[in-house]
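Letters A, B, ... are given to chains in the order of the sequence lines, protein chains preceding strands, and every chain is numbered from 1.
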Number of protein chains: 2
Amino acid sequence: MSGMLHDLASLVNGTPRADKMAVMPPAPRRRGAARTEELLQATLDLAAEVGYAGLSIEAIGRRAGVGKHTIYRRWPSMAALLLDALSSVWTSDLDYNDTGDVRADLREQFLLSSHVLSSPPIGPAYRALIAEAQGDPSLRAAIHERFLATVEQSTLNRITQAQRAGELTPDVNLEFAAEVLCGTLYYRHLLTTRPVGESAVDGLLDMFMAAYGQPQFPAGNGR
Amino acid sequence: MSGMLHDLASLVNGTPRADKMAVMPPAPRRRGAARTEELLQATLDLAAEVGYAGLSIEAIGRRAGVGKHTIYRRWPSMAALLLDALSSVWTSDLDYNDTGDVRADLREQFLLSSHVLSSPPIGPAYRALIAEAQGDPSLRAAIHERFLATVEQSTLNRITQAQRAGELTPDVNLEFAAEVLCGTLYYRHLLTTRPVGESAVDGLLDMFMAAYGQPQFPAGNGR
DNA sequence: CATCATCGGCACGGTGCGTGCCGATGAGCG
DNA sequence: CGCTCATCGGCACGCACCGTGCCGATGATG
């Protein structure tokens, strides 16, 4: 586990002088930091415009008015650059509400995140990263660690909370359920051409609730 | 729907003289057909050896002792070549038994197909195709049509049969359940670094059976 | 004001792409 | 049997991108 994290860190900050992680505002902000953020933005813009095909270090540099060296000094590969670029706009780790109604809370977040995942800038950048990762197991691990596992974890937190509240079957390990929920959404998004819409989310939640919802007592909070 | 199929056909057989589809033995077998099969095999071999990185038209041609033209005359892109190469060894559309025990039948096929998917030659070729597809929506549609949808369909057939046999809840649309089952497996395979082992399959089937298994009457055939 | 890391620009050899043009090969037909 | 012609392997082209090295300019630091 921590091995993955280490691989990730070395992948992204493999350069000798990586001043700071992306998305960290409190910094002395030498000349380099400003350029770093510009490059991340240029990467996202370019991914949104031309997609994975046509995405290259040279193209990013051209767009940002930057020499290739300036990019290579910061990231060892385009995969690392994409990883940081995506992180810089990946604010929502699925920020679940807890209204006392699991199904509604899951539905809201699934629909929201599916919209985020399928529209620029995150959508195209994510696709590019997935493509890049097919030839690089350590990048695959990094993506899983940094994005997928996070989403699964927050989902697991929410449904575990529901389980404690009596909304779901007690004494059942929900870890795998969280993976099934998130995995199905990502499967649709990244591997098929079907949209992730209300019917898909509802179908998924139907199965989830049929499996783990308390049969007779509808909601746990009110008793 | 049929639009996807048309796109697929044009993608694979876009050349003016595409004598026949791959994997069709009964043919006059001019000089070209033999080369075609050799090229498909060389593609699979190369994918198994070097993975997606290092896979190129030139490398395939070099390995097969073939000019690039010979490849381009048959397939318009490496994506089309990969698609045909994978089809030529993709024999099992999940060939479910019907022993009267859905869960056991699903489990057997899931474990079997997960092994096939993660080992050469199918594993690496599949990964290469997924990578290629991230920049090409029509290829994504082709993959879904040719492989994923097929797997989902045969799974749907099996569980629908189980539903008729009284093993599963009647009057429930299982179409989405089939997608969840297959999607979760492919999610693990292609997007994470977790292995698809017995525990994963069992966890998945736990959720499926909890959702749709008949609560009191264990199996339909025996009693 | 002096220093020096970082900058943009340029060029390099290497590789793959997709195409065009060869002369050789071999299958099918008369 | 020999002719014909599609297909073959080989080679070369222009283009693009890779990753690296070397410039002289810039601008933040002290």
Students should find that the end-to-end axis angle of the helix from C:dC1-D:dG30 to C:dG30-D:dC1, with five pairs defining each axis and rounding to 10 degrees, is 20°

Over how many whole Å does the gap from [X] atom [atom1] to [N] atom [atom2] extend?
X: A:W75; N: D:dG19; atom1: CH2; atom2: P; result: 15 Å
X: B:E38; N: D:dG9; atom1: CD; atom2: P; result: 9 Å
X: A:I60; N: D:dC18; atom1: CD1; atom2: C1'; result: 13 Å

(Q) Mind checking if B:G61 touches a base, just sugar-phosphate, or nothing, with heavy atoms under 4.0 Å? (A) nothing

Per atom distances to the A:R73 side chain, the nearest of D:dG9, C:dT6, D:dT7 is C:dT6

Would you call B:E175-A:R194 a salt bridge at under 4.0 Å N-O?
no

Check your understanding: Under 4.0 Å between a Lys/Arg side-chain N and an Asp/Glu carboxylate O for A:R127 and B:D136?
Key -> no

Counting primed atoms, P, OP1 and OP2 as sugar-phosphate and everything else as base, the B/S/- map of nucleotides 15-22 of chain C against protein heavy atoms under 4.0 Å is -SBBBBB-

*Is any side-chain heavy atom of A:L55 closer than 4.5 Å to a side-chain heavy atom of A:P124?*
no

If the plane angle is over 60° it's perpendicular, under 30° parallel, otherwise tilted; pick one for B:F147 and B:Y126.
tilted

Please verify the inter-ring angle class for B:Y96 with B:F110; under 30° counts as parallel, over 60° as perpendicular, anything in between as tilted.
perpendicular

From the list B:Q161, B:R158, B:R107, side-chain contact (heavy atoms from CB on, under 4.5 Å) with B:V102 holds only for B:R158

Sorted by chain and residue number, the ring-ring contact (aromatic ring centres under 6.0 Å, His included) partners of A:Y212 (sequence neighbours excluded) come out as A:F208

**Study point:** Donor-acceptor contact present, side-chain A:R74 to main-chain A:T70, <3.5 Å
**Key:** yes

